A.B. asks: 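Supplied in structure tokens, the structure appears directly below.
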Amino acid sequence: MITLTHYLVLSGIIFTIGVIGVMVRRSALVIFMCIELMLNSVNLTFIAFSRYLNSLDGQVFVFFVLSVAAAEVVVGLAIIILIFRNKATVNVDEINLMKW
Amino acid sequence: MLETVLFYFFAGAAIISALMLVMRKNPVTCAVSLIITFISFAGLYILLNAHFIAAIQILVYAGAIMVLFLFVIMLLDLKREEDFLSRLKAQKFFGIALAVILLAEVFAAISSINGMFLTRGIYSAENIAEAGGNTKVIGRLLFTDYLLPFEVTSILLIVAIIGAVFLGKKEN
Amino acid sequence: MNRALLIQILKNPWTINVIEIFVVFGMIMFTVAYLSLLERKISARIQYRIGPNRVGPFGLLQPFADGIKFIFKEDIIPNHVNKVFYVLAPAIAIVPALLTFAVVPFGSPTTFFGILDEPVRLQIADLNVGILYIFAIASLGVYGIVLGGWASNNKYSLLGGLRSSAQMISYEISMGLAVMGVLMMAGSLSLADIVKDQERCWYIFPQFLGFLIFVVAAFAETNRLPFDLPEADSELVAGYHTEYSSMKFAMFFMAEYSNMITASAVIVTLYLGGWQGLPVGGWMGLPIVDKLWFMPLAWFCTKVAFLLFVFIWVRWTLPRCRYDQLMKLGWKIFLPLSLLNILITGVLIMMDVY
């Protein structure tokens, strides 16, 4: 029998993998993908709660998260392309103009 | 029984492909493993009776967002990030350590949930089927209880489109 | 084994479903094989040639000769390719094309001359999110081309892959918005319901604008001329399958043809009444559930065959359009038109015309 806890644990593991990716990887694109992964693990939590609490609000929220993620990716990728045009790299360690 | 087997199958696929995303150097491999994660998540959503969300998960994430990612990777012709890790050697160690602490916290939070204080809503599986299916009920919710957020989302999408067009334009 | 038990097993819905899957899969593969022959024959007719006529009577065994040739050709994997994706790409291309067919109803619910107690639906799975399923799976089809183009490590292939990803995303939008009119009229995402609702009238009449947009977008999604820019042989050699040979090349080929079949079947289901008989009034009360169950099936296949002919006809008649023209057509003409279509449909539904 699969319970709510199973889904929550899975979601926690996937979220942590996403966090590791954001902190360890240096390519802006891969970091971006890891953020998507984290968003998805939260979606899973929403849906699991929505199923086990007999409420559809969670699914409606996932709908909103999906549209926000789509908007975020569009703008984010445009920014990454711009950065690449200016600096010819997507390595976040080299994009450090804001440091000073 | 079938549900259990499918849950472990999709969960395993999701975890393995998520690990691939973090560990492989080649950006295209990363993108493809993320697609596999998204598809296994869609499978999990179907197990949770969220058919509509499962469909748009594949449609939006796997079908549109990841195609954009692949498009950008190919457009920029990104190489493997071999020596990307060289600059901050300790970062890998601290990153993973912090993540493990986070995971422990999440598990502590999960284990402290007791079902007593959670109130149950009216949308049980039978009620949804009676009201005409998952998609219909979500649609009704979007246009009644969540009308304002729904309209705001459309504004957000328009802003994103305009922003992307503006950013993508070449200055001259 | 005693006969009663056998009949019991055969009457089981699961058995029927499995049989349906095998029959549909076999039919698609068979059609793919003969579609390649048909394409060569029709193109020959259009160009005033004869076409293949050596293998068997009228060249009817040509597909088998082609198949044997493909299997026995040397399977070359160039040294400079990314092996994993190079091998996976043809498989990724063909799977979505076959998966989409699972929700298409290809005949009316039937009892097969009263053998079965309950009418069984001639559809592998009736999902309540049918159309979304089709779009979701169809949007995965692009990965085969993109990954194949990237893994080949060849600039022409890469350009083909890039083009196909941009093209597919652009046309998916107008395609999805064009279908919205159908959904508004049917009030359901399930394809079985949509076909049932077309008993009063095929949707091509009230949704003609949507139909046009959908058909053109389907041409773009299947990478057929006039939108075959991903493989444009005169500029990109062969685009994404330049580096492929033998059975892997054949699989890309099969994917293209199965995509065509699926696209035709979806167009028939959404706009041309699916298995419904006359444009208005369906089968006029004929006993299609028990006695004449094969008539809707045959009629559905006829419509699909006609659309396949149109696909081939267009390919050998129209020139390829330029890439900027393709993008302009998708974003500046079809997108506003499909929004207009939704608006008109909405107004008409509000006024109770439909």
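In the text below, chain A, chain B and the rest are named by the order of the sequence lines, each starting its count at 1. Bear in mind that the values here come from a model prediction, so they are computed numbers and not experimental data. Every heavy atom of this structure was used, including side-chain atoms; hydrogens, water molecules and symmetry mates were not.
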A.B. asks: At a heavy-atom separation under 4.5 Å, does C/Leu140 approach chain B through its side chain, its backbone, both, or neither?
C.D. replies: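 It is the side chain, since no backbone atom gets that close.
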
A.B. asks: Which atoms of B/Ala62 are under 4.5 Å from chain C, going by heavy atoms: the side chain, the backbone, both sets, or neither?
C.D. replies: both

A.B. asks: So do C/Ile124 and C/Phe101 actually touch side chain to side chain, heavy atoms under 4.5 Å?
C.D. replies: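 No, too far: nothing below the 4.5 Å cut-off.
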
A.B. asks: Let me see the working for C/Tyr133 and C/Leu99 under side-chain contact (heavy atoms from CB on, under 4.5 Å), right down to the final yes or no.
C.D. replies: CA-CA 10 Å; C/Tyr133 170 85; C/Leu99 276 181; 3.9 Å; yes

A.B. asks: Determine, step by step, whether C/Val182 and C/Phe214 satisfy the side-chain contact (heavy atoms from CB on, under 4.5 Å) criterion, reporting the C-alpha distance in whole Å, the side-chain angles of both residues, the deciding distance to 0.1 Å, and the verdict.
C.D. replies: CA-CA 11 Å; C/Val182 170; C/Phe214 193 89; over 6 Å; no

A.B. asks: Might you work through the side-chain contact (heavy atoms from CB on, under 4.5 Å) test for B/Tyr45 and B/Gln57, ending with a clear yes or no?
C.D. replies: CA-CA 9 Å; B/Tyr45 294 166; B/Gln57 160 91 3; 3.4 Å; yes

A.B. asks: Under the criterion side chain to side chain donor-acceptor pair (under 3.5 Å), I'd like the reasoning laid out for C/Thr222 against C/Glu256: C-alpha separation, chi angles, the key distance, then a yes or no.
C.D. replies: CA-CA 6 Å; C/Thr222 46; C/Glu256 183 180 329; over 6 Å; no

A.B. asks: What part of B/Ile73 gets closer than 4.5 Å to chain C, counting heavy atoms only: side chain, backbone, both or neither?
C.D. replies: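 Contact with chain C: none, neither part.
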
A.B. asks: Do C/Gln198 and C/Thr269 have side chains that get closer than 4.5 Å, going by heavy atoms?
C.D. replies: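 Side chain of C/Gln198 against side chain of C/Thr269, heavy atoms only: no contact under 4.5 Å found.
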
A.B. asks: Does anything in residues 327-341 of chain C reach chain B? List residues with heavy atoms under 4.5 Å apart, or say none.
C.D. replies: none

A.B. asks: Using non-hydrogen atoms and a 4.5 Å limit, figure out which bit of C/Val142 sits close to chain B: side chain, backbone, both or neither.
C.D. replies: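 C/Val142 touches chain B through side-chain heavy atoms alone.
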
A.B. asks: Please classify the contact of B/Val60 with chain C as side chain, backbone, both or neither, using a heavy-atom distance under 4.5 Å.
C.D. replies: neither

A.B. asks: How about C/Phe227 and C/Tyr171: are their ring centroids closer than 6.0 Å?
C.D. replies: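 They qualify: ring centres under 6.0 Å apart.
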
A.B. asks: Under 6.0 Å between ring centres, would you say that holds for C/Tyr244 and C/Tyr86?
C.D. replies: yes

